[in-house]
Asks: 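Can you read through this structure? Questions will come right after.
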Amino acid sequence: MLKTHTCGELRASDAGKAVTLSGWVNRRRDHGGLIFLDLRDRFGITQVTISDDSELDLPNAANPSNGSGNSSSCTQAHEVASQVRSEFVVRVNGSVQKRPEGFENPELDTGEIEVIASELEILSEARTPPFVISGSQGDEVDEAVRLKYRYLDLRRPKLAENMRLRHEIVRFIRNYFYERDFLEVETPILLKSTPEGARDFVVPSRIHAGRFYALPQSPQQMKQLLMIAGFERYFQIARCFRDEDLRADRQPEFTQLDLEMSFVEAADIMALIEEMLIKLSAKISDKPVQQTPFPVMSYDEAMAKYGIDRPDIRFGLQLFEVTDLVRNSQFGVFKNAVAAGGIVKGVLFPQGADLSRKEIDGLIEYVKPYGAKGLAWIGLTGEAAADGTYPAESLRSPIIKFLGKEEIAGIVSASDARRGDLILLVADEEGVTNPALANLRLEIGARTDLISSDLLAFCWVVDFPLLEYDRDEDRWGAIHHPFTSARDEDWSILEQRPADVKAKAYDIVLNGWEIGGGSIRIHRSDQQMRMFQRLGLSESEVDEQFGHMLEAFQYGAPPHGGIAMGIERVVALFADAQSIREVMAFPKTATGTDLLLEAPSLVEDEQLAELHIAVREQEESAK
RNA sequence: GGGGGCGUGGUGUAGCGGUUAGCAUGUCGGCCUGUCAAGCCGGAGGUCGCGGGUUCAAAUCCCGUCGCUCCCGCCA
């Protein structure tokens, strides 16, 4: 080894020891005759002190080097030290010395000591890095630069810590399932494409001209087949691939904790994961879990109160509905929306009645990307009259002239507004109103500092609809995936009232992020066949795409179910990262490119020929 | 597929129709034996992403394009 100790472990009790350290120069402080190097390795930082005069400071017994005298070796070390620059890789021989009284650095774990160098060797020189490695200045650097030099970005303390945290989390998860008799099984990366779900990444076959493998969107079918194989408890930290457009919390390849169990019900899977998350939180985070057992909310309740199936329950500001109140309103916006089958819901901006027009316009703009045409708003600037209605001077609103006194009183009552609050209303179809208000609620929460960054608010969302109607394709599609079982009592209405069928599915949500989801699966081939037919697949399509599953179900399939959790999202939440790129070693850009490797890239014509692939002219030249 | 934001020395930024393109940091040189974001002195470093247009004059206004990013659609 080129080191006897790490740069993070020496303490006052090591004083007098002869040591060799190796690492990167975090920073150099050159005082002329005295040079300080902060030497950094993965484990910490140690101050190395190099003097050009051995007469001073150096304890006699300290110098470990053999024949060479203190004076000359220190001069050598000093000469080298004056050439050294940031991020040089060096090796130091020296002795550990307790720092003089008053010169300790409490910021460093090793701050009680310093290593007095007797020899210094440059193992590797370094160009000046494109951004500062030490400290946190690198956080501000343009992400394109950081991604191009990812190996330097990962050297920065923040990313290095994120990777360490990720390692700890994955290690904890693995141990948790090892201890509970789960079998870790690797499933193939080269699988078969299916039209359900996300777009597949596809891999051409050389041996079979014109045929393609698909990378797994998740190991869903494989893990169910493992249940049929009788493994009972399977898990895997699995890489998944989805060829869809990216977001801060979505990358084309990502990692899931994937697990499946036989002879279980939804409550068993939920209890298992809940215990894991509680223990994981306690182990790796200082933040308290807001509520245990985790609250369980139905999908309908989540949509009603939060407008979204992944509610952030760290704060209140629940949505309220006034559809019935304004059904016959004089205000056309409300009346027409309801008449067209829409809903009218709202959210409160606490103490927002005095917001400027500009600020309110800002809220309206905020809501537009979600399809809302606008926001109706009522500021409660005064008190109600004796009869419970609100006189005009108690309100600030462009729409009160269209609303009846009872309507206003009803809206105020439904919103639970107090004096000084601002009521914000959206009238539109459900698919617009809910997302618009859900996101507006988050925006208000952020603006009013209601969202604590020091809480872990887990919750379960259950009783999802099994199916959803796809207008474009004029058919019903699976919300989760086609293997999810309906609730027992709902199988009877699968064909007649598909919209009312609820699934045996559950999502786990943390601080408004969906971190995982799963379901109890169908394990009978007749039910699975019914499901495929409900999804509009013909018998031949089913046979072609899922015949293997149906066949497998005929050889003794145990009841089973499971869950998958997004590792990056979990780590990002624990790391307080805004994007999962911050917790991945080598992430891709928002357009799916790798700026370090410059992928995707063109390949040789011979390679294409081998794969029986011809690239269309115009698309090739467009690149 | 659509919309928004950003792009100025290595990095972070100011400037937003006429400036020798400012500042900080880094970097290079000098001084310096107790610093730990060391300090002091001095220097170098910029096709203002790229292309086109408007104008007497463009970093600045307009159009296009590329890159990064956020969001909608898409995606569990």
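Values below: every heavy atom of this structure, side chains too, minus hydrogens, waters and symmetry copies. A, B, ... follow the sequence lines: proteins, then strands. Residue 1 opens every chain.
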Asks: So if I take every side-chain heavy atom of A:Arg85 and compare against B:U69, B:G34, B:G29, which nucleotide ends up nearest?
Replies: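 For A:Arg85, the side-chain atoms sit closest to B:G29.
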Asks: So, OP1 or OP2 of B:U35: does either fall under 4.0 Å of a side-chain N or O from A:Arg29?
Replies: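 Checking B:U35 against A:Arg29, no side-chain N or O comes under 4.0 Å of OP1 or OP2.
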Asks: Quick check for you: among B:C68, B:G12, B:C70, whose closest atom lies nearest to any side-chain atom of A:Glu143?
Replies: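 That would be B:C68.
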Asks: Considering only B:A76, B:C72, B:G12, which nucleotide approaches the side chain of A:Glu140 most closely?
Replies: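 Given the options B:A76, B:C72, B:G12, the side chain of A:Glu140 is closest to B:G12.
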Asks: Given atom CD of A:Glu598 and atom P of B:C68, what is their separation to the nearest angstrom?
Replies: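 The distance from CD of A:Glu598 to P of B:C68 comes to 11 Å, rounded to the nearest Å.
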Asks: Can you tell me the distance, in whole Å, between the NZ atom of A:Lys368 and the P atom of B:C70?
Replies: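 Result: 24 Å.
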Asks: Over all strands shown, is A:Asp30 touching base, sugar-phosphate only, or nothing at heavy-atom distances under 4.0 angstrom?
Replies: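 Base, at least one base heavy atom under 4.0 Å.
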Asks: Give the ring-plane orientation class for A:Tyr506 versus A:Trp460, where under 30° counts as parallel, over 60° as perpendicular and anything between as tilted.
Replies: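 It falls in the perpendicular class, over 60°.
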Asks: When rounded to the nearest Å, what value does the distance between C1' atoms of B:A58 and B:G49 take?
Replies: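 After rounding to an integer number of Å, I get 16 Å for this pair.
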Asks: Base, sugar-phosphate or nothing for A:Arg99? Non-hydrogen atoms, less than 4.0 Å.
Replies: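 Answer is base: heavy atoms of A:Arg99 come under 4.0 Å of a base.
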Asks: So do A:Phe212 and A:Val203 actually touch side chain to side chain, heavy atoms under 4.5 Å?
Replies: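 Side-chain contact under 4.5 Å: no.
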Asks: Name the closest nucleotide to the A:Leu34 side chain, picking from B:C74, B:U33, B:G12.
Replies: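 Closest nucleotide to the A:Leu34 side chain: B:U33.
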Asks: Just to be sure I understand the rule, does A:Gly197 reach a base, reach only the sugar-phosphate, or reach nothing, if contact means heavy atoms closer than 4.0 Å?
Replies: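 Here A:Gly197 touches the backbone only, sparing every base.
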Asks: Return yes when atom NZ of A:Lys502 has more than 12 non-hydrogen atoms of other residues, nucleotides or ligands closer than 6.0 Å, and no otherwise.
Replies: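 Yes, enclosed.
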Asks: Does a side-chain N or O of A:Arg247 approach OP1 or OP2 of B:C72 to a distance below 4.0 Å, or not?
Replies: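 Result: yes.
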Asks: Only pairs with both distances under 3.5 Å count, Watson-Crick or wobble alike; so what is the partner of B:C32 in this structure?
Replies: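 Result: none.
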Asks: Does the side-chain ring of A:His31 lie flat on the base of B:G34, meaning centres under 5.5 Å and planes less than 30 degrees apart?
Replies: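 The ring of A:His31 is not stacked on B:G34.
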Asks: Mind calculating the distance between CG (A:Asp38) and P (B:A37) to the nearest angstrom?
Replies: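 So the CG-P distance, A:Asp38 to B:A37, works out to 9 Å.
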Asks: Please give, in whole Å, the distance from B:C74 P to A:Glu468 CD?
Replies: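 Interatomic distance, CD of A:Glu468 to P of B:C74: 9 Å.
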Asks: It should be established whether A:Thr46 places a side-chain nitrogen or oxygen under 4.0 Å from OP1 or OP2 of nucleotide B:C36.
Replies: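 For A:Thr46, the contact criterion (side-chain N or O under 4.0 Å from OP1 or OP2 of B:C36) is not met.
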Asks: Using a 4.0 Å heavy-atom cut-off across all strands, classify A:Glu107 as base, sugar-phosphate, or nothing.
Replies: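 Touches nothing.
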Asks: Checking base pairs now: Watson-Crick or wobble, both atom distances under 3.5 Å. What partners B:G9?
Replies: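 The base-pairing partner of B:G9, which may sit in any strand shown, does not exist here.
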Asks: For A:Gln83, I'd like to know if atom CD has over 12 heavy atoms of other residues, nucleotides or ligands within 6.0 Å.
Replies: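 Above 12, so yes.
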Asks: Nearest of B:U35, B:A76, B:A38 to any side-chain atom of A:Asp507?
Replies: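 From the listed options, B:A76 comes nearest.
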Asks: I need the residues from residues 251-259 of chain A with at least one non-hydrogen atom less than 4.0 Å from RNA chain B; give them sorted by number, or say none.
Replies: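 Hits under 4.0 Å, by residue number: none.
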Asks: Regarding A:Glu568 and A:Thr255, is there a side-chain donor-to-acceptor distance under 3.5 Å anywhere?
Replies: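 Per modelled atom types, A:Glu568 and A:Thr255 side chains form a pair under 3.5 Å.
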Asks: Can you give me the closest heavy-atom contact between A:Glu9 and A:Thr110, atom names plus distance?
Replies: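 Looking at all heavy atoms of both residues, the closest pair is N-CG2, 4.0 Å.
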Asks: Quote, to the nearest angstrom, the C1' distance that separates B:C50 from B:C40.
Replies: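 After rounding to an integer number of Å, I get 42 Å for this pair.
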Asks: May I ask you to verify whether the side chain of A:Asp245 and the base of B:G73 hold a donor-acceptor pair under 3.5 Å?
Replies: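 Counting by modelled atom types and ignoring angles, a donor-acceptor contact under 3.5 Å is found here.
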Asks: Under 3.5 Å, is there a donor on one side chain and an acceptor on the other for A:Thr187 and A:Gln236?
Replies: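 On atom types as modelled, these side chains qualify, holding a pair under 3.5 Å.
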Asks: Across all strands, who's sitting opposite B:U20 as a Watson-Crick or G-U wobble pair, both distances under 3.5 Å?
Replies: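 The base-pairing partner of B:U20, which may sit in any strand shown, does not exist here.
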Asks: Which nucleotide, in any strand shown, forms a Watson-Crick or G-U wobble pair with B:G46, with both distances under 3.5 Å?
Replies: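 B:G46 is paired with nothing.
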Asks: Establish whether the base of B:G34 is bridged to the side chain of A:Glu114 by a donor-acceptor pair shorter than 3.5 Å.
Replies: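 Between B:G34 and A:Glu114, which were checked side chain against base, a qualifying N/O pair under 3.5 Å is present.
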Asks: Between A:Arg581 and A:Pro129, which residue's closest nucleotide on RNA chain B lies nearer the 5′ terminus?
Replies: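 The residue mapped nearer the 5' terminus is A:Pro129.
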Asks: In terms of side-chain heavy atoms, does A:His481 have a donor or acceptor partner in A:Glu196 at a distance below 3.5 Å?
Replies: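 Distance-only check fails for A:His481 and A:Glu196.
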Asks: Will you find, in the side chains of A:Asn105 and A:Gln47, an N or O donor that is under 3.5 Å from an N or O acceptor?
Replies: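 The answer is no; no qualifying pair exists.
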Asks: Between B:U55 and B:G10, how far apart are the two C1' atoms, rounded to whole Å?
Replies: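 Result for the C1' pair: 35 Å, nearest Å.
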Asks: Using a cut-off of 4.0 Å on non-hydrogen atoms, how would the nucleic acid contact of A:Phe36 be classed: base, sugar-phosphate, or nothing?
Replies: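 Touches a base.
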Asks: Applying a 4.0 Å non-hydrogen cut-off, can you work out what A:Ser134 is touching in the nucleic acid: base, sugar-phosphate, or nothing?
Replies: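 If one applies the 4.0 Å heavy-atom cut-off, A:Ser134 turns out to touch nothing in the nucleic acid.
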Asks: Tell me, for nucleotides 45-50 of chain B in 5' to 3' order, what letter each nucleotide earns: B for a base near a protein heavy atom under 4.0 Å, S for only sugar-phosphate near one, - for neither?
Replies: ------
Asks: A:Ile479 near the nucleic acid: base, sugar-phosphate alone, or nothing, with a heavy-atom cut-off under 4.0 Å?
Replies: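 The answer is base, as A:Ile479 lies within the cut-off (heavy atoms under 4.0 Å) of a base atom.
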Asks: Using a 4.0 Å heavy-atom cut-off across all strands, classify A:Val132 as base, sugar-phosphate, or nothing.
Replies: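 Here A:Val132 touches no strand at all.
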Asks: Tell me: CG of A:Leu108 to P of B:A38, nearest whole Å?
Replies: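 These atoms are roughly 12 Å apart.
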Asks: Between A:Glu253 and A:Arg242, is the closest basic N to carboxylate O distance under 4.0 Å?
Replies: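 Salt bridge between A:Arg242 and A:Glu253, a charged N being under 4.0 Å from a carboxylate O: no.
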Asks: Between B:C68 and A:Thr589, is there an OP1 or OP2 to side-chain N/O distance shorter than 4.0 Å?
Replies: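 Result: yes.
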Asks: Taking the P atom in each of B:C23 and B:G43, what is the distance between them to the nearest angstrom?
Replies: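 One P to the other, the span is 12 Å.
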Asks: When you compare B:G30 with B:U13, how far apart are their P atoms, in angstrom units rounded to a whole number?
Replies: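 After rounding to an integer number of Å, I get 33 Å for this pair.
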Asks: A:Ala590 side chain: which of B:U69, B:C36, B:C71 is closest?
Replies: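 Nearest nucleotide to the side chain: B:U69.
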Asks: Using atom P of each nucleotide, how far apart are B:A44 and B:G22 to the nearest Å?
Replies: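 Going atom to atom, P in each nucleotide, I get 12 Å.
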Asks: What's the closest nucleotide to the A:Arg27 side chain, out of B:A37, B:G73, B:C68?
Replies: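 For the A:Arg27 side chain, the nearest candidate turns out to be B:A37.
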Asks: Check A:Lys158 with A:Glu582, please: is the shortest side-chain N to carboxylate O separation under 4.0 Å?
Replies: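 Answer for the salt bridge query: no.
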Asks: When you measure from the side chain of A:Glu514, which nucleotide among B:C71, B:A76, B:A38 comes out closest?
Replies: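 The answer is B:A76, which lies nearest to the side chain.
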Asks: For A:Tyr366 and A:Tyr370, take the angle between the two ring planes, folded into 0 to 90°, and tell me which bin it lands in: parallel under 30, tilted 30 to 60, perpendicular over 60.
Replies: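 Rings of A:Tyr366 and A:Tyr370: tilted, as their planes differ by 30° to 60°.
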Asks: Going by an N to O cut-off under 4.0 Å, is there a salt bridge joining A:Arg150 and A:Asp594?
Replies: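 Answer for the salt bridge query: no.
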Asks: Does the base of B:U35 carry an N or O that pairs as donor and acceptor with the side chain of A:Gln47 under 3.5 Å?
Replies: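 Yes, the side chain and the base share a sub-3.5 Å donor-acceptor pair.
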Asks: Remember a base hit wins even if backbone is also touched, and classify A:Arg250 as base, sugar-phosphate or nothing at under 4.0 Å, heavy atoms.
Replies: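 Base: the residue A:Arg250, judged by heavy atoms under 4.0 Å, touches a nucleobase.
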Asks: Of the candidate nucleotides B:G12, B:G34, B:G73, which contains the atom at the shortest distance from the side chain of A:Asp142?
Replies: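 Given the options B:G12, B:G34, B:G73, the side chain of A:Asp142 is closest to B:G12.
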Asks: Between B:C68, B:C72, B:C74, which one does the side chain of A:Ala144 approach most closely?
Replies: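 Nearest nucleotide to the side chain: B:C68.
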Asks: Within the supplied structure, the quantity of interest is the number of heavy atoms (other residues, nucleotides, ligands) at a distance under 6.0 Å from A:Arg475 CZ; does it exceed 12?
Replies: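 For A:Arg475, atom CZ is crowded (more than 12 foreign heavy atoms under 6.0 Å).
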Asks: Taking any heavy-atom pair under 4.0 Å as a contact, classify A:Asp309: base, sugar-phosphate, or nothing.
Replies: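 Counting heavy atoms under 4.0 Å across all strands, the contact made by A:Asp309 includes a base.
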Asks: Checking all strands, does A:Thr591 fall into the base, sugar-phosphate, or nothing category for heavy-atom contacts under 4.0 angstrom?
Replies: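 Touches sugar-phosphate only.
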Asks: Tell which nucleotide pairs with B:A37, taking only Watson-Crick or G-U wobble pairs whose two distances are both under 3.5 angstrom.
Replies: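 Pair assignment: B:A37 / none.
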Asks: Could you work out the separation of B:C63 and B:C6 based on their P atoms and round it to a whole Å?
Replies: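 Result for the P pair: 14 Å, nearest Å.
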Asks: If we take the C1' atom in both B:U54 and B:U11, what is their distance in whole Å?
Replies: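 34 Å, rounded to whole Å.
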